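Scroll down for the structure; my scribbles are underneath it.
The first residue in the sequence is number 1, and the count goes up from there. All values below were derived from every heavy atom in this structure, side-chain atoms included, with hydrogens, water molecules and symmetry-related copies excluded. None of these values were measured; they are calculated from a predicted model.
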Amino acid sequence: MYEKQTTKHGVLSNIRWQWQQVRRTTHHATRQLLTGIIIDAVLALGATILPAVVVQVLAQHTDLSKVALILIGISTIIALAQWGRPVNEITFQNTYSRGRIAQLIQFGIHLVKVPYVWQAIPEYDQDRYAAASYGLYGDNQAAQAIIKNGRDLLSSSLTLLVLLGSLAVIKWWLPLLLLAFALISDDLQKRTRRFRREQRDRNTTIIDRTNYLMRASTAETGAKDMRLYHFAGQFRTKTDALFREHETNDFRVSFRVFLQDVSIAALNGLCNFLTYGSLIIDILRGIFSVSGFTYAFNAVATTTSQLSTLLQSWNELNQNSDDLDLVRNLFSTEEAAIAAPHRTNTHLPAAPQPIVFKHVSFRYPGADHDTIRDLNLTIPAGAKFALVGANGAGKTTITNLMLGLLAPTAGEILLGGVPINTYVLRDYWQYFAPVFQEATVLAASVAENVAFHSTVDLPRVQAVLKQAGLSTDVARMAHGVETPLTNYIADDGVQLSGGQQQKLMLARALYRDAPVLILDEPTAALDALAESRIYQAYNQMTAGKTSLFISHRLASTQFADEILFLEHGHITERGQHDELIAANRGYAQLFKIQSQYYQEGATPDAQ
């Protein structure tokens with residue numbers, strides 16, 4: 001089950017972790033980082049030293065040619081640094097953005113590799129959204145910003161090391177005063193970060209609820225209900241309330257930042273008054289030369305500016321680290337779950353083998369009862385079984401357990417006597433050709449949708465389309481099997497009807513030609529004539545295979561070798577259709593109810 005890691009990593013730990021992601025994408029990252037730090041230090045120190053040098057050489061009546069040479073030399077160095085800074089900034093930004101993009105790709109891959117049951121856990125969906133929103137989506141989010149702010153911190157630290165050392169020579173207490181004010185400012189920023197983190201957690205819940213409303217209201221499947229049942233007014237009321245709550249939380253953070261900035265500005269003003277006042281008094285008393293005063297004055301200004309940059313970078317780094325923890329903990333949780341099974345068996349049998357459920361139980365996360373309870377079932381190799389029952393009886397859950405999408409909470413499932421949890425899932429899934437209730441149609445050609453593979457065998461595609469009863473419809477399309485489906489990408493894409501989509505899914509399963517064919521409500525969207533054709537071709541489709549036909553429509557399962565009737569997670573009856581009718585139990589009662597509507601003169605009241 002899903003249990004997210006909640007480790008609180010330090011800032012340096014997160015910088016190191018993210019730097020590793022960046023270095024996996026390029027070999028030039030370290031060189032670009034060091035170049036940027038040196039350029040920033042040269043610009044800051046050059047702007048501090050240059051005025052003092054000018055004053056010094058003029059005060060000493062230095063020869064103008066030497067003055068010009070000195071100024072040209074220093075100016076050239078500063079000019080080269082100013083030219084190199086934007087070049088380095090652009091190249092380095094491209095470098096560390098690659099790390100974030102690589103993580104976004106990894107973020108998507110994890111979703112299809114983690115346990116299938118996690119898809120039904122709201123906390124997992126919310127954690128993924130928070131990690132994406134605060135950590136990955138956008139240039140200013142944590143995965144990218146933490147590297148930029150880390151570089152700014154290193155640049156400021158190197159510059160400050162030189163400046164504070166030189167100020168200590170001039171007045172020993174100046175660095176201590178500046179650092180004392182910096183520590184007070186850091187404490188104010190720390191309190192603001194804590195407050196922002198609290199509001200971020202509140203906003204995550206609000207955003208999750210808002211996104212649900214947006215998805216529900218804009219999804220194609222709900223568009224008709226939204227209009228016919230006049231939900232637009234309720235939708236606006238609910239979303240407006242959520243937006244106002246979100247805006248209120250954002251305003252609280254903004255106001256807190258405003259108070260922080262005002263307080264820090266007042267502290268900086270006091271600090272400047274003390275330092276500059278002391279320097280002015282010293283030059284009036286003749287302690288400093290004009291050039292010394294000029295250097296000290298600029299050094300204090302640059303030091304104050306660099307301390308402000310350092311504190312801002314440190315503050316943002318802490319925020320970035322908090323946000324990056326969302327990504328790092330999510331990735332660690334997902335990677336642990338992906339690696340956990342330790343499956344090594346890749347030797348799957350080529351022919352159908354018996355499938356055995358031994359005392360299998362399963363409970364969905366957060367549920368208070370088992371959906372499947374102590375199930376014992378053997379499906380012989382090559383058998384044609386039908387699994388029937390009312391909605392919610394557990395039919396699809398049994399299918400997902402057999403496919404390895406869900407893991408039993410108790411008991412085990414065997415394939416040919418081998419526990420299925422020892423097989424490598426990628427290989428194990430090739431053993432099955434399922435048709436699910438929900439159709440998955442890609443924005444690709446008909447042939448690609450059928451093959452679901454990088455290589456397409458066109459004659460085979462044509463054959464399975466004919467078996468599935470879709471070849472005539474495809475032949476009428478403008479480009480035949482090369483016709484694009486959906487209009488998400490291709491303007492001339494074809495939108496299939498519900499019945500055509502189910503036929504396409506059946507063709508996809510037949511194309512795989514796996515030992516086990518699983519049909520989960522495969523005819524729910526078909527008309528009676530199309531459904532009849534599927535039943536007539538069923539024996540041909542399942543020749544030489546094990547097949548499991550799942551339905552709540554009992555009339556559709558009479559061709560099965562054996563029918564399993566499921567109630568509340570238990571198989572309560574099993575046998576052929578005539579035997580179950582003769583037993584006059586749950587199966588027979590449900591069959592009579594369903595068949596009444598097809599009997600001459602039957603009315604709902606007759607039920």
Check against side-chain contact (heavy atoms from CB on, under 4.5 Å), Val327 and Leu136 = CA-CA 8 Å; Val327 179; Leu136 295 173; 4.0 Å; yes

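- For the 3.5 Å distance criterion, the side chains of Gln32 and Thr95 qualify, holding a donor opposite an acceptor.
- Here the shortest heavy-atom pairing between Val456 and His453 reads CG2-O, 4.1 Å.
- A distance of 9.5 Å separates CD1 in Ile38 from CG in Leu33, rounded to the nearest 0.5 Å.
- Panel note: side chain Ser97, backbone Asn94; a donor-acceptor pair is recorded below 3.5 Å.
- Contact record, Ala143 with Ile146: O-CG2, 4.1 Å, taken as the closest heavy-atom pair.
- Interatomic distance, Asn315 CG to Thr192 OG1, rounded to the nearest 0.5 Å: 7.0 Å.
- Note that CZ of Arg98 and CZ of Arg24 are 15.5 Å apart. Values are rounded to the nearest 0.5 Å.
- A side-chain donor-acceptor contact under 3.5 Å links Glu448 to the backbone of Ser445.
- Side chains of Gln18 and Gln144: a donor-acceptor N/O pair is absent below 3.5 angstrom, by distance only.
- Put simply, the side chain of Asp492 reaches to within 4.5 Å of the side chain of Pro484, judged on heavy atoms.
- In this structure, the side chains of Phe357 and Leu414 stay at 4.5 Å or more apart for every pair of heavy atoms.
- No more than 12 heavy-atom neighbours from other residues, nucleotides or ligands sit within 6.0 angstrom of CG on Asn140.
- Phe107 has its side chain within reach of Leu330: a pair of non-hydrogen atoms, C-beta onward, lies under 4.5 Å apart.
- Taking every heavy atom of both residues into account, Ala337 and Pro115 meet most closely at CB-CD, 3.8 Å.
- Side chain of Thr333 to backbone of Gln5: a donor-acceptor contact under 3.5 angstrom is found.
- Every residue two or more places apart in sequence or in another chain was checked for a salt bridge (charged side-chain N to carboxylate O under 4.0 Å, His left out) with Arg256, and none qualifies.
- Residues Asn14 and Asn320 bring no donor and acceptor atom of their side chains to less than 3.5 Å of each other.
- In terms of the side chain to side chain contact (heavy atoms under 4.5 Å, CB included) criterion, residue partners of Thr397 (sequence neighbours excluded) are, by chain and number, Phe362, Tyr364, Thr371, Ile372, Leu401, Leu406.
- The number of heavy atoms from other shown groups lying within 6.0 Å of NZ (Lys4) is above 12.
- For Lys395, the salt bridge (charged side-chain N to carboxylate O under 4.0 Å, His left out) test picks out no residue, with sequence neighbours left out.
- Between Leu405 and Trp429 the shortest heavy-atom distance is CD2-CZ2, 4.0 Å.
- Between the side chains of His9 and Thr7, no donor-acceptor pair is found at a separation under 3.5 Å.
- Between the Asn449 side chain and the Leu442 main chain, a donor and an acceptor come within less than 3.5 Å of each other.
- Applying the side chain to side chain contact (heavy atoms under 4.5 Å, CB included) test to Arg16 and every residue at least two apart in sequence or in another chain returns Ser13, Gln20.
- Under 3.5 Å, the side chains of Asp250 and Asn203 contain a donor-acceptor pair of N or O atoms.
- In terms of modelled atom types and a separation under 3.5 Å, the side chain of Asp125 and the main chain of Ile121 share no donor-acceptor contact.
- Put simply, OH on Tyr423 and CG on Leu415 are 4.5 Å apart, with the number rounded to the nearest 0.5 Å.
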inquiry  = Please evaluate residues Lys503 and Leu496 with respect to the criterion side-chain contact (heavy atoms from CB on, under 4.5 Å), reporting the C-alpha separation (whole Å), side-chain torsions for both, the decisive distance (0.1 Å), and the verdict.
reply    = CA-CA 10 Å; Lys503 291 177 182 178; Leu496 299 180; over 6 Å; no

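- Proximity of Val441 to Met505: side-chain heavy atoms (C-beta onward) are separated by under 4.5 Å at one or more points.
- Nearest heavy-atom pair, Pro349 versus Gln353, reported as atom, atom and distance to 0.1 Å: CG-CG, 3.4 Å.
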query = Are Leu506 and Gln467 close enough, and set up right, to give a side-chain contact (heavy atoms from CB on, under 4.5 Å), and what steps lead you there?
reply = CA-CA 9 Å; Leu506 180 58; Gln467 268 190 290; over 6 Å; no

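- For Thr422 (side chain) and Pro419 (main-chain N/O), a donor-acceptor pair under 3.5 Å exists by modelled atom type.
- Glu335 and Ser332 share no side-chain donor-acceptor pair at under 3.5 Å.
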inquiry  = The test is side-chain hydrogen bond (donor to acceptor under 3.5 Å, both in side chains); show your working for Glu245 and Thr248 and say whether it passes.
reply    = CA-CA 5 Å; Glu245 188 177 354; Thr248 300; over 6 Å; no

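- Glu316 CD to Leu311 CG: the interatomic distance, rounded to the nearest 0.5 Å, is 11.5 Å.
- Side-chain contact between Arg100 and Leu104 is present, with at least one heavy-atom pair separated by less than 4.5 Å.
- In this structure, Trp17 and Phe331 have perpendicular ring planes: the angle between them is above 60°, well past the 30° mark.
- Note that CD1 of Ile206 is 10.5 Å distant from CD of Glu247, once rounded to the nearest 0.5 Å.
- Between Ile550 and Leu519, the closest side-chain pair of non-hydrogen atoms is not below 4.5 Å.
- The two residues Ser156 and Thr309 have their closest heavy-atom pair at OG-CG2, 3.4 Å.
- Lys545 places none of its side-chain heavy atoms less than 4.5 Å from the side chain of Val516.
- At a threshold of 4.5 Å between non-hydrogen side-chain atoms, the residues Ile355 and Met402 count as touching.
- Judged by the 6.0 Å distance and 45° axis criteria, Arg460 is positioned over the aromatic ring of Tyr511.
- A salt bridge (charged side-chain N to carboxylate O under 4.0 Å, His left out) with Asp323 is found for exactly one of Arg328, Arg193, Arg196, namely Arg196.
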Steps toward side-chain hydrogen bond (donor to acceptor under 3.5 Å, both in side chains) verdict (Ser313, Asn149) = CA-CA 5 Å; Ser313 299; Asn149 289 322; 4.8 Å; no

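- Listed by chain and residue number, His110, Tyr124, Arg128 satisfy the side-chain hydrogen bond (donor to acceptor under 3.5 Å, both in side chains) test with Glu334 (two or more places apart in sequence, or in another chain).
- With sequence neighbours excluded, the residues forming a side chain to side chain contact (heavy atoms under 4.5 Å, CB included) with Asp322 are Lys8, Arg197, Arg200, listed by chain and number.
- Gln500 places a side-chain N or O within 3.5 Å of a backbone atom of Ser497 that can act as its donor or acceptor partner.
- Applying side-chain contact (heavy atoms from CB on, under 4.5 Å) to Val450 and the options Leu504, Val481, Asp457, Leu470 leaves one that passes, Leu504.
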key: Test log, rule side-chain contact (heavy atoms from CB on, under 4.5 Å), inputs Ile518 and Leu403   = CA-CA 10 Å; Ile518 298 177; Leu403 291 170; 3.8 Å; yes

